[in-house]
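Convention: sequence-line order gives letters A, B, ...; per-chain numbering from 1. This is a predicted model, so every value here is computed, not measured.
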Amino acid sequence: MKVSGILYHLELEDSKVILYLRSGERRIIAEAEMRPYFYVIDGKIEELKGFKAREKGRELRVMEWERVKRLVDGVEKEVWKVYCNHLDCAKLIERKFPTMNIRGARSDPLQVFLIEKGLEPLCRVEIFGEPVGERIRVKEIRKVGEGSLDELKILYFTLLVKSEDGFPIPEKQSISIICCLSDEMKCFSSDDDREAIRKFIEYFQEEDPDVIIGYAQDSEDFPYLLRRAKLQGIDLKLGVLGREIIETGKYFRGMIIKEVIIPGRANIDLFPIIYRDFPQLPTKRIGEVCEELGVGEFVDIPNYKLKELSSKDLEEYAKQKIMAIKKVAEKELGFQIELSKLCSLPISRVPRLTIGELVDALIFKEAMLRGWILPDRGAIEVEEGYYAGGEVWLKAPGIYENVGYYDIRSMYPSIIKLYNLSPEVFDCKCCSEKNLRELGIKHWTCSKRKGLLAQIVEELIEMRRKVKEEMKRAKGEEYEVLYAKQYVLRVIANAIYGYTGWSSSRLYKKDLAETITAIGRIYIKKIRELVEKLGFEAIYLDTDGIQVIPRRSPDFQGLLLKLNKEISLEVELKHVARRAIFFAKKKYCHLVDGKLEAKGLELVRRDYPKFIKEVQKKAMEMLLSGKSYAEVKNYVDRARKLIEEHKLKKEELVLVEQLAKKIEMYERSSKIKVCAEWLKKEKGIELHRGMSVEIIIIKGTGPVNYRARPVQFFSEEDLDWEYYLGLFDQVMERSLAIAREEGLKRFFK
DNA sequence: TAACGCTGCTTACCT
DNA sequence: ACAGGTAAGCAGCGTTAT
């Protein structure tokens with residue numbers, strides 16, 4: 001028989017790949033046999049022939065072996081390809097034979113499956129096979145077209161719990177409301193949550209969604225729901241065909257996070273995506289995310305304030321929250337889908353991977369398609385010491401007018417492409433012409449073969465160029481898809497240099513990473529020299545960017561043309577700032593089209609009190625728009641009075657810090673560490689790595705950091721106003737010093 | 001014993 | 001847990017002034 005549908009989810013079951021397809025109203029479940037394998041690069045495999053072992057009650061054994069030709073780190077070799085009956089068999093053999101040169105035993109089987117079959121996540125597939133029970137056993141599978149989320153059944157999900165302090169405990173507090181959105185909005189609540197959970201499960205099974213989308217549902221909603229359901233004696237059968245959901249712990253970005261598996265459905269948690277892709281957002285609450293993405297307003301109500309809402313208001317809030325989740329998903333999921341296609345990974349896996357892991361997945365895929373076998377991750381020995389990065393230079397702090405900001409377009413990717421940089425051709429044995437010597441670099445690249453990394457980067461750049469070309473003619477939905485495609489191509493290309501210097505990457509080579517940054521420094525310094533020759537003065541450099549002021553005529557476009565004639569990388573003019581203030585390296589602000597653009601200033605940092613940031617912002621705007629020192633000073637002094645006279649609300653003095661490591665790992669007490677300890681001791685609340693807290697400083701004796709507290713438990717009377725005054729003065733002093741000195745200079749002229 | 005000064009930990013930022 | 005470069009606040013601790 002032949003079936004077709006959108007491939008929306010894949011799972012691993014022993015050595016089978018289970019495929020979930022959506023075909024109109026129907027769901028198709030198929031299973032494909034896969035033969036797990038690994039490579040033995042050189043040496044004998046006699047010991048492996050007939051290998052058998054028992055582990056967790058299963059028999060693991062080697063099935064077959066064959067001699068195949070592959071490119072091992074770019075060198076053609078005959079290697080052994082060894083097939084086994086189970087994935088764990090490959091891993092066991094790798095552990096048991098540490099001296100054997102084994103590769104690929106830990107490769108992602110679902111990714112390998114997708115690559116081997118030429119499939120894309122969310123594509124339309126055709127399957128030839130025969131039915132076995134509820135499934136179809138796959139004989140042949142192929143991609144026959146494109147698909148999209150629109151063709152799938154999506155269910156948005158969230159729940160709310162009222163609690164005293166915002167950290168509810170399942171044993172004490174029942175779920176106040178569960179809210180779902182598919183074709184329509186549905187809310188479930190009851191006095192005790194037993195009925196609500198029952199009805200929710202019933203509804204969920206009836207809806208039978210392909211994709212579940214929420215915000216922090218893996219770390220919060222589902223674990224809470226699981227505990228409550230257990231207490232109420234209810235099974236949480238939310239999987240396809242009534243299978244129960246599975247809670248797992250996984251090491252992610254240096255911390256244990258919970259991952260919930262809902263068999264047969266793609267469970268997509270937006271929170272880890274936001275955590276990874278929007279590190280600049282201090283709280284990561286949905287309202288903040290909505291604002292960042294420009295998808296409308298949503299006012300977050302902190303968990304500790306939910307108790308003040310009536311049932312009606314709570315329901316209204318839940319509905320608004322789920323609409324906000326939907327908007328964030330609609331804006332953000334396009335990128336994740338394109339990432340999953342680019343890297344050949346199931347869509348539900350992508351949100352949980354770091355950028356490094358995504359780059360690694362792409363490198364693995366491209367290597368596999370070329371018949372290469374690369375080292376496994378973490379297999380290359382790490383070289384000691386650090387290497388130099390980008391050039392950073394500031395002529396002098398001060399106020400400048402007419403500042404042109406130029407940068408080298410995609411500098412590191414362009415360097416990799418232009419100089420054919422890749423580990424296997426770096427310092428090759430075959431070349432006598434040491435081509436990087438002319439740049440003053442002691443290394444060289446091969447002039448006979450094109451390196452793998454350079455090939456991949458070139459392809460990414462070329463693909464992006466084509467997509468951007470198509471974008472010119474595209475509109476609406478099509479445009480959005482193309483935009484997402486070019487965006488992920490850029491993100492991945494930009495991370496490739498870092499990947500070469502990442503100690504656990506397959507292509508780790510410190511000297512190579514160092515060479516890339518060294519070439520970057522040479523180029524930006526060369527541009528500085530040119531700029532100086534062409535009638536401009538360089539005032540600031542950072543890595544791939546240079547800021548200049550005109551000595552005579554401010555012909556910034558003319559300078560751009562001249563630079564591009566001289567330089568083999570592409571130079572762009574980002575903008576010309578009417579006026580700019582430089583405080584230090586990585587701390588400056590520009591006035592561009594009447595708007596303030598601040599970099600590194602306190603006002604962009606989450607760990608400064610909100611009020612101080614607002615006053616600084618206003619002061620910067622005044623200075624940039626030409627107000628005198630005296631005027632600005634006057635404004636700042638009036639603002640200062642509000643602190644002096646205790647006329648601010650505690651919310652205006654809040655700062656945010658993120659717990660960067662496990663509490664035991666601290667050698668000093670930071671504000672966030674003290675808050676984490678206080679929450680544990682006083683409230684029994686445990687903060688885990690990566691969580692942020694809104695902090696205020698209370699009065700008392702001892703060092704300030706020891707007086708940091710979560711804002712919700714204290715009032716204005718508790719605040720250490722003197723501390724805020726001191727910090728305010730410190731920040732304002734250095735913010736205004738430049739204008740003051742500038743004024744003095746004029747006075748003495 | 002308070003004040004001072006230095007070191008290096010800590011956080012968050014820039015490219 | 002893609003890389004390195006940077007500023008700033010302040011704990012922690014030894015030294016100096018009182």
Colleague: Whether Y508(A) contacts dA1(C) is assessed here as follows: a side-chain N or O lying under 4.0 Å from the phosphate OP1 or OP2. Is that the case?
Modeller: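 Y508(A) to dA1(C) OP1/OP2: no side-chain N or O under 4.0 Å.
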Colleague: Does V392(A) or A495(A) map to a spot on DNA chain C nearer the 5' end, using the closest nucleotide for each?
Modeller: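 This one resolves to A495(A).
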Colleague: Does a side-chain N or O of K587(A) approach OP1 or OP2 of dA8(C) to a distance below 4.0 Å, or not?
Modeller: yes
Colleague: Measure the NZ-CD distance between K671(A) and E657(A) for me, rounded to the nearest 0.5 Å.
Modeller: 5.5 Å
Colleague: Give one of base, sugar-phosphate or nothing for Y706(A), where a contact means two heavy atoms less than 4.0 Å apart.
Modeller: sugar-phosphate
Colleague: Once you apply a heavy-atom cut-off of 4.0 Å, does Y406(A) come out as touching a base, just sugar-phosphate, or nothing?
Modeller: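 The residue Y406(A) makes no contact with any strand.
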Colleague: What's the CH2-P distance between W502(A) and dG4(C), to the nearest Å?
Modeller: 13 Å
Colleague: Could you go over nucleotides 9-11 of chain B and give all protein N or O partners under 3.5 Å, atom names and distances?
Modeller:
unit_1  : atom_1 : unit_2  : atom_2 : d
dT10(B) : OP1    : E667(A) : N      : 2.7
dT10(B) : OP1    : R668(A) : N      : 3.2
dT10(B) : OP2    : K661(A) : NZ     : 2.5
dT11(B) : OP1    : Y666(A) : OH     : 2.6
dT11(B) : OP1    : S670(A) : OG     : 3.3
dT11(B) : O2     : R605(A) : NH2    : 3.1

Colleague: Classify the nucleic acid contact of R377(A) as base, sugar-phosphate or nothing, counting any heavy atom under 4.0 Å across all strands shown.
Modeller: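 Contact class for R377(A): none.
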Colleague: Set out, in order, the CA-CA distance, both residues' side-chain angles and the distance that settles side-chain hydrogen bond (donor to acceptor under 3.5 Å, both in side chains) for K509(A) and T500(A), then state yes or no.
Modeller: CA-CA 6 Å; K509(A) 198 165 189 83; T500(A) 65; over 6 Å; no
Colleague: Quick check on the 6.0 Å ring-centre criterion: do F582(A) and Y540(A) meet it?
Modeller: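 Yes: the rings meet the under 6.0 Å criterion.
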Colleague: Identify which nucleotide among dA11(C), dA1(C), dG9(C) has an atom closest to any side-chain atom of T354(A), counting heavy atoms from C-beta outward.
Modeller: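 Shortest atom-to-atom distance from the side chain points to dA1(C).
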Colleague: How long is the line joining CG of L394(A) and P of dG5(C), in whole Å?
Modeller: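 Computing the L394(A):CG to dG5(C):P distance gives 17 Å.
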Colleague: Of the nucleotides dG4(C), dC10(C), dA1(C), which one has an atom closest to the side chain of Y497(A)?
Modeller: dG4(C)
Colleague: Out of dC2(C), dG12(C), dA8(C), which nucleotide sits closest to the side chain of I355(A)?
Modeller: dC2(C)
Colleague: Tell me what Y608(A) touches on the nucleic acid: a base, only sugar-phosphate, or nothing, going by heavy atoms under 4.0 Å.
Modeller: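 Answer is sugar-phosphate: Y608(A) comes under 4.0 Å of backbone atoms only.
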Colleague: Are any of R734(A)'s side-chain N or O atoms less than 4.0 Å away from OP1 or OP2 of dA8(C)?
Modeller: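 Result: yes.
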Colleague: Measure from NZ or CZ of K284(A) to the centre of the six-membered ring of Y275(A) and say whether it is under 6.0 Å with the direction within 45° of the ring axis.
Modeller: yes
Colleague: Just N and O in the side chain of N705(A): are any of them under 4.0 Å from OP1 or OP2 of dA11(C)?
Modeller: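 Yes, within the criterion.
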Colleague: Could you give the CD1-to-C1' distance, from I415(A) to dC2(C), as a whole number of Å?
Modeller: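 Value for this atom pair: 16 Å.
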Colleague: With P as the reference atom in both, quote the distance from dC2(C) to dC9(B) in angstrom, rounded to an integer.
Modeller: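 The answer is 23 Å between these two P atoms.
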Colleague: Rounded off to whole Å, could you give me the CH2-to-P distance for the W393(A) and dT6(C) pair?
Modeller: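 Rounding to the nearest Å, CH2 of W393(A) and P of dT6(C) are 14 Å apart.
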Colleague: Atom CD1 of I380(A) and atom C1' of dC2(C): how far apart are they, to the nearest Å?
Modeller: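 In whole Å, dC2(C) C1' and I380(A) CD1 are 15 Å from each other.
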Colleague: Under 4.0 Å between any heavy atoms, over every strand shown, what does G498(A) touch: base, sugar-phosphate, or nothing? Just pick one.
Modeller: base
Colleague: Which heavy atom of F271(A) sits nearest to which heavy atom of A216(A), and what is that distance?
Modeller: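 Minimum heavy-atom contact is CB-N, 3.5 Å.
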Colleague: Distance check: side-chain N/O of Q730(A) vs OP1/OP2 of dG9(C), anything under 4.0 Å?
Modeller: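 The answer is yes; a side-chain N or O of Q730(A) sits under 4.0 Å from OP1 or OP2.
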Colleague: Is the NZ or CZ atom of R377(A) both under 6.0 Å from the centre of the six-membered ring of W502(A) and within 45° of that ring's axis?
Modeller: no
Colleague: Can you check whether K586(A) reaches D542(A) side chain to side chain, under 4.5 Å on heavy atoms?
Modeller: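 Yes, at least one pair of side-chain atoms sits under 4.5 Å.
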Colleague: Over all strands shown, is Y588(A) touching base, sugar-phosphate only, or nothing at heavy-atom distances under 4.0 angstrom?
Modeller: sugar-phosphate
Colleague: What is the separation between atom NZ on K586(A) and atom P on dC14(B), rounded to the nearest whole Å?
Modeller: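 Those two atoms, NZ and P, are 9 Å apart.
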Colleague: Does the Lys NZ or Arg CZ of K613(A) fall within the cation-pi geometry relative to Y608(A) - under 6.0 Å from the ring centre and within 45° of the axis?
Modeller: no
Colleague: Output every pair passing ring pair (Phe, Tyr, Trp, His ring centres under 6.0 Å) with a member in residues 655-681 of chain A, not counting sequence neighbours, ordered by first then second residue.
Modeller: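 Of all non-adjacent pairs touching residues 655-681 of chain A, those that pass ring pair (Phe, Tyr, Trp, His ring centres under 6.0 Å) are W678(A)-F713(A), W678(A)-F714(A).
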Colleague: Tell me: CZ of R707(A) to C1' of dG9(C), nearest whole Å?
Modeller: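 Going from R707(A) (CZ) to dG9(C) (C1'), I get 14 Å.
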Colleague: Grab the CG-P distance between D720(A) and dC10(C) for me, whole Å please.
Modeller: 11 Å
